[in-house]
Amino acid sequence: MKHEHIVKAVLPGSIAEELEIEPGDCLLSMNGNEVEDVFDYHFYANDEELTVLIRKPCGEEWELEIEKGYEEDLGIEFEQGLMDEYRSCCNKCMFCFIDQMPEGMRDTLYFKDDDARLSFLQGNYVTLTNMSDHDIERIVRYHLEPINISFQTTNPKLRCRMLHNRFAGEALKKVDRLYEGGIRMNGQIVLCKGVNDGEELERSIRDLSRYRPYLESVSVVPVGLTKYREGLYPLEPFTKEDALEVLDVIHRWQDKFYRESRMHFIHAGDEWYTLAEEELPDKERYDGYLQLENGVGMLRLLSDEFEEAFGELVGDDKVRQISVATGKLAYPFIKGFADRLSQKYTGTKIYVYRIENKFFGEWITVSGLITGQDLIGQLKDRPLGDKLLLPCNMFRSGEEVFLDDITLSELAKALQVRADIVKSSGRDFIEAILDS
Ligand code: SF4
């Protein structure tokens, strides 16, 4: 068979364990169908009655008849997470962050994925350039949603130029099929100065709005530029004036869309507001925070969560000394929270440090791209109090390792301080400061 999948683990108490499926077994088919990848697996595994063909390491084949609840998990983990090779991208985007990384970082950081299966499993944005019609038909047939799409522009020629892929314009036609199939989508436009802004941005917003309501939201985020751009397309950072113009365009369209459908549809990434030195919009403008993971509304949500939790506090005069490190983008907000907490908790001194991203360059302002070496370099010999708080997005998910492979304990040792990771909500921030 073309597609065979080796079992890595079987969850205790699961259906698979009861059926004596074991690590090392090989899944050959489900309901008589080959299982191409994780899409097929989940689709077939949802059934209440299914037949699974397994080959044991000795070569014996077992046909197992299973009766279970609809969508009840079989409890099998496979050696390959996607049950297939990861698909790398076939573009060479002028704004690609991976092309702007210095040499010598861990290998996995250089992997350019553009795999639709990761869009469903992890929320990644895909360009649709390496998806076949067969992939699109499976998405429609299995009704997999939402899919996150990186548009950049709806001008086919410009898209080919930006993605450096002559099929990138054509790939936009796949959105029509997803729309016809009623698949929910979210979109993103990475804005590059002088390339897809101005009239091109207006055109993209106008064209994309025709895919409403299945296309639920489109975010506009500024291109991330590091200091490692030698030999790459010459892109310039946006200025405050540019940011004001972009916000103007977005707000104008938001008002129109809201009047029409009670959804704002187009959203500005948080960076635009800080760059323009504008107030963040109210939470209602974010339509339920559809693109939070993409840095759209994170600061509004954080502020609202802080305010809510702060309002419940009575305060005390216990002596505490704590430090917090954050990126340039979130600094004014974190500093404001710290000042207000110190007024209510009169014995509490909070040092908030704005870490400049020397590793990637000054234009990178998010805390998620701050490295251990920048923290150590900029916090050495600074007062850090009893503990140093660091936002969880500085770390690889579920691990205590920075992007440059320095670990949390190495940092704590270098700075001679207890270092704690704070979860992302405003309430978590308060609790970490007050140690409650
Ligand atoms: S799709 Fe473009 S931005 Fe994404 S990894 Fe590929 S080249 Fe980089």
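Since this is a predicted model, take the numbers as computed values, not measurements. Numbering of ligands and ligand atoms starts at 1, following listing order. The figures that follow rest on heavy atoms only: side chains count, while hydrogens, waters and symmetry mates do not.
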Looking at atom 4 (Fe) of ligand 1, is any protein heavy atom nearer than 4.0 Å to it? no
Residue and atom name of the nearest protein heavy atom (relative to atom 8 (Fe) of ligand 1), distance in Å to one decimal: Cys96 SG, 2.3 Å
I need the nearest protein heavy-atom contact for atom 7 (S) of ligand 1: residue, atom name and distance, please. Cys93 N, 3.4 Å
Using a 4.0 Å cut-off to any heavy atom of Lys112, which atoms of ligand 1 qualify? 5 (S)
Going by distance alone, is a donor N or O of one side chain under 3.5 Å from an acceptor N or O of the other, for Asn148 and Asn124? no
Ring-plane angle category for Phe337 and Phe306, please: parallel below 30°, perpendicular beyond 60°, tilted otherwise. parallel
Identify, by atom number and element, the atoms of ligand 1 in contact range of Thr127, meaning under 4.0 Å from any of its heavy atoms. 1 (S)
Counting backbone and side-chain atoms alike, is an N, O or S atom of Cys89 positioned under 2.8 Å from atom 2 (Fe) of ligand 1? no
Is it true that Gln291 and Ser217 share a donor-acceptor pair across their side chains at a distance under 3.5 Å? yes
What part of Asn91, side chain from CB on, backbone N/CA/C/O, both or neither, has a heavy atom under 4.0 Å from ligand 1? both
Side-chain ion pair, Arg259 and Asp255, N-O less than 4.0 Å: no
With side chain to side chain contact (heavy atoms under 4.5 Å, CB included) as the test, pick out the partner of Leu379 among Ile355, Leu411, Val417. Ile355
Less than 4.0 angstrom from a charged side-chain N to a carboxylate O is my criterion; do Asp242 and Lys240 meet it? no
